[in-house]
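Structure record follows, encoded as structure tokens.
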Amino acid sequence: MSCHETSLPLKKEFINEETWKHISNSVLTVQIAEHGAELQKYQKGWKEYLWQGDAKFWGRRSPVLFPIVGRVWNNKYRHAGNTYEIGQHGFARDMNFKLTYKEDKGAVYWLESTPDTLGKFPFPFRLLVGYLLEENKITVKWRVENLGAMDMYFQIGAHPAFYFPKFDAATKDRGFFVFDRKSDLEYIMPIEKGCVSPERHVLKLNKEGLMPIDIHTFDCDTYIFDNKQLKKITLLDKKKKPHISLEFNSPLVALWSPTKTHPDCPFVCIEPWYGRCDSVGYSGELKDREWIQKLEPKETFDVEYKIIIE
């Protein structure tokens with residue numbers, strides 16, 4: 001399968017990242033780390049929209065999930081007669097990328113497979129992560145390339161966390177979500193070892209077509225909306241004023257906040273995914289996992305999503 005929504009400059013001329021940590025335009029200032037090619041700041045003026053990380057709640061900010069999304073059952077999967085171990089969300093988020101392209105309003109980061117990654121994921125690959133600013137939005141671009149001689153199976157996803165607008169830990173209400181679909185939604189959720197059951201649940205929206213958010217909304221941990229039910233999610237403040245939106249074409253999107261264990265958690269994640277965790281007890285092959293992506297040799301997979309300050 002090849003998907004071409006966008007293209008990235010392919011130019012292996014690595015740049016000293018210390019000289020280029022920010023991209024900006026007249027509206028936004030964005031900072032990106034070489035480690036994980038991860039967004040570090042997403043500011044309009046002096047206002048920060050991106051969660052700044054705190055191990056008490058969650059130490060990351062906006063990791064790139066690759067080559068899997070979520071967990072494989074018991075952290076093991078099978079491919080071509082061999083068994084491999086891999087942790088939650090894969091390894092790209094914990095690797096150092098190289099800055100390979102820059103302009104005033106954009107940057108591209110580059111990662112290639114290594115002997116270490118091949119021990120966990122037996123496919124030679126190249127992963128490019130690009131960021132491009134335009135007015136009040138940033139487009140996040142991913143390119144996955146199969147550098148090997150065999151079909152490659154993988155997943156990729158986003159995990160950006162955003163501050164609740166006008167957060168007040170002393171109150172239970174956090175705001176609302178509004179979707180590009182006003183009818184009730186179906187979702188699945190993790191129930192054991194980070195993996196899901198086949199049971200489907202219905203999310204009933206209120207009379208205004210909104211999903212209220214309070215300290216108990218995420219008692220289920222994570223909402224996983226599959227089957228391309230959604231293409232846009234907007235986080236609203238308590239007065240129902242739009243705060244920040246994500247637009248995407250991914251087949252899945254997840255919502256998560258650790259408020260079940262930390263009611264005073266000040267952020268929520270909106271996560272476009274091209275794949276998800278295993279079902280509980282899954283013992284099949286990697287190629288047969290639900291929502292797996294396939295790339296033939298020398299093929300590329302190009303997709304994107306947008307973060308918009310409202």
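What you see below is based on every heavy atom in this structure, not just the backbone, and it leaves out hydrogens, waters and symmetry mates.
Scanning all heavy atoms of the two residues, the minimum distance from Pro63 to Arg93 falls at CB-CB, 3.8 Å. Here the shortest heavy-atom pairing between Gln229 and Glu186 reads NE2-O, 2.7 Å. Of all heavy-atom pairs between Met152 and Phe66, the closest is CE-CZ, 4.0 Å. Contact record, Arg60 with Trp51: O-CD1, 3.1 Å, taken as the closest heavy-atom pair. For Ala158 against Leu65, the heavy-atom pair with the smallest separation is O-CD1, 4.0 Å. Taking each heavy atom of Tyr153 and Phe121 in turn, the nearest pair found is O-CE1, 3.1 Å.
Rounded to the nearest 0.5 Å, atoms CZ (Phe176) and CG (Leu235) are 11.0 Å apart. Rounded to the nearest 0.5 angstrom, Leu185 CG and Met211 CE are separated by 9.0 Å. To the nearest 0.5 Å, the span separating CD on Gln52 from CD on Gln40 amounts to 7.5 Å. Here Asp151 contributes atom CG and Leu295 contributes atom CG; the two are 9.0 Å apart, rounded to the nearest 0.5 Å. The CD1 atom of Ile188 sits 11.0 Å away from the SG atom of Cys195 when rounded to the nearest 0.5 Å. To the nearest 0.5 Å, atom CZ of residue Arg78 and atom CZ of residue Arg289 are 9.5 Å apart.
Side-chain atoms of Asn25 come within 3.5 Å of backbone atoms of Glu135 as a donor-acceptor pair (strictly under, hydrogens ignored). A side-chain donor-acceptor contact under 3.5 Å links Ser113 to the backbone of Phe125. Looking only at distances, a side-chain donor or acceptor of Asp184 sits under 3.5 Å from a matching main-chain atom of Leu205. Tyr42 contributes a side-chain N or O that, together with a main-chain N or O of Ile307, makes up a donor-acceptor pair within less than 3.5 Å. Between the side chain of Asp54 and the backbone N or O of Lys56, at least one donor-acceptor pair lies under 3.5 Å. With Asp214 contributing its side chain and Lys172 its backbone, the two residues share no donor-acceptor pair below 3.5 Å. Of the possible donor and acceptor atoms, one in the side chain of Tyr282 sits under 3.5 Å from a partner among the backbone N and O of Glu285. Not a single donor-acceptor pair under 3.5 Å links the side chain of Thr222 to the backbone N or O of Met189. Within the 3.5 Å criterion, the main-chain N or O of Ile68 finds no donor-acceptor partner in the side chain of Arg71. Of the possible donor and acceptor atoms, one in the side chain of Glu38 sits under 3.5 Å from a partner among the backbone N and O of Ser62.
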Side chain to side chain contact (heavy atoms under 4.5 Å, CB included) between Ile270 and Phe177, worked out: CA-CA 10 Å; Ile270 306 172; Phe177 283 122; 3.9 Å; yes
Evaluate the side chain to side chain contact (heavy atoms under 4.5 Å, CB included) criterion for residues Val69 and Leu252: first the C-alpha distance (whole Å), next the side-chain angles of each, then the deciding distance (0.1 Å), finally the verdict. CA-CA 11 Å; Val69 173; Leu252 306 100; over 6 Å; no
Check step by step if salt bridge (charged side-chain N to carboxylate O under 4.0 Å, His left out) holds for Lys141 and Asp302. CA-CA 7 Å; Lys141 300 169 178 277; Asp302 285 284; over 6 Å; no
When you look at Lys306 and Glu304, which way does the salt bridge (charged side-chain N to carboxylate O under 4.0 Å, His left out) test go after all the steps? CA-CA 7 Å; Lys306 300 179 188 298; Glu304 66 185 43; 3.4 Å; yes
When you look at Phe162 and Leu50, which way does the side chain to side chain contact (heavy atoms under 4.5 Å, CB included) test go after all the steps? CA-CA 5 Å; Phe162 305 101; Leu50 188 73; 4.2 Å; yes
Give the C-alpha distance, both sets of side-chain angles, the deciding distance and a yes or no for side chain to side chain contact (heavy atoms under 4.5 Å, CB included) between Phe248 and Val303. CA-CA 9 Å; Phe248 45 86; Val303 293; over 6 Å; no
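Ion pairing between Lys231 and Asp180 fails under the 4.0 Å rule for side-chain N and carboxylate O. The pair Glu247-Lys137 does not meet the salt-bridge criterion, since no charged nitrogen lies less than 4.0 angstrom from a carboxylate oxygen.
Put simply, the side chain of Asn206 reaches to within 4.5 Å of the side chain of Glu208, judged on heavy atoms. Contact annotation: the side chain of Val268 approaches that of Phe218 to within less than 4.5 Å [non-hydrogen atoms, C-beta and beyond]. Side-chain contact between Leu39 and Arg61 is absent, with no heavy-atom pair separated by less than 4.5 Å. Side-chain contact between Phe225 and Leu255 is present, with at least one heavy-atom pair separated by less than 4.5 Å. Between Tyr223 and Thr217 there is a side-chain heavy-atom pair separated by less than 4.5 Å. The shortest distance between side-chain heavy atoms of Lys47 and Ile309 does not fall below 4.5 Å. Side chains of Tyr49 and Pro165 form no contact here, defined as non-hydrogen atoms less than 4.5 Å apart. Taking 4.5 Å as the limit, every side-chain heavy atom of Lys166 sits out of range of all side-chain heavy atoms of Thr171.
Counting only N and O atoms by type, the side chains of Thr139 and Glu134 include no donor and acceptor under 3.5 Å apart. Under the 3.5 Å distance criterion, with hydrogens and angles disregarded, a donor-acceptor pair is assigned to the side chains of Glu48 and Gln43. Side-chain contact, His22 with Gln31: a donor N or O sits under 3.5 Å from an acceptor N or O. Donor-acceptor pairing under 3.5 Å is lacking for the side chains of Ser24 and Thr29.
The hydrophobic cluster containing Val129 also contains Leu28, counting ILVMFWY residues as joined when their side-chain heavy atoms lie under 4.5 angstrom apart, directly or transitively. Transitive grouping of hydrophobic side chains (ILVMFWY, heavy atoms separated by less than 4.5 Å) brings Ile292 and Ile156 into a common cluster. Both Tyr131 and Tyr305 belong to a single network of hydrophobic side chains, linked directly or stepwise wherever heavy atoms of I, L, V, M, F, W or Y lie under 4.5 Å apart. Cluster membership for Val108 and Leu132, using ILVMFWY side-chain heavy atoms within less than 4.5 angstrom, is not shared. If you chain together hydrophobic residues whose side chains sit under 4.5 Å apart, Phe123 and Val64 fall into the same group.
Dense packing is recorded around NZ of Lys182, with more than 12 heavy atoms of other residues, nucleotides or ligands lying under 6.0 Å away. Enclosure of atom NZ in Lys193 by more than 12 non-hydrogen atoms of other residues, nucleotides or ligands within 6.0 angstrom is indicated.
Separation of the Trp142 and Phe301 ring centroids does not fall under the 6.0 Å cut-off. The aromatic ring centres of Phe164 and His243 sit 6.0 Å or more apart. In this structure, the ring of His262 has its center no less than 6.0 angstrom from the ring center of Trp58. Between Trp110 and Phe97, the ring centre distance reaches or exceeds 6.0 Å.
The aromatic rings of Tyr84 and His79 sit tilted relative to each other, their planes meeting at an angle between 30° and 60°.
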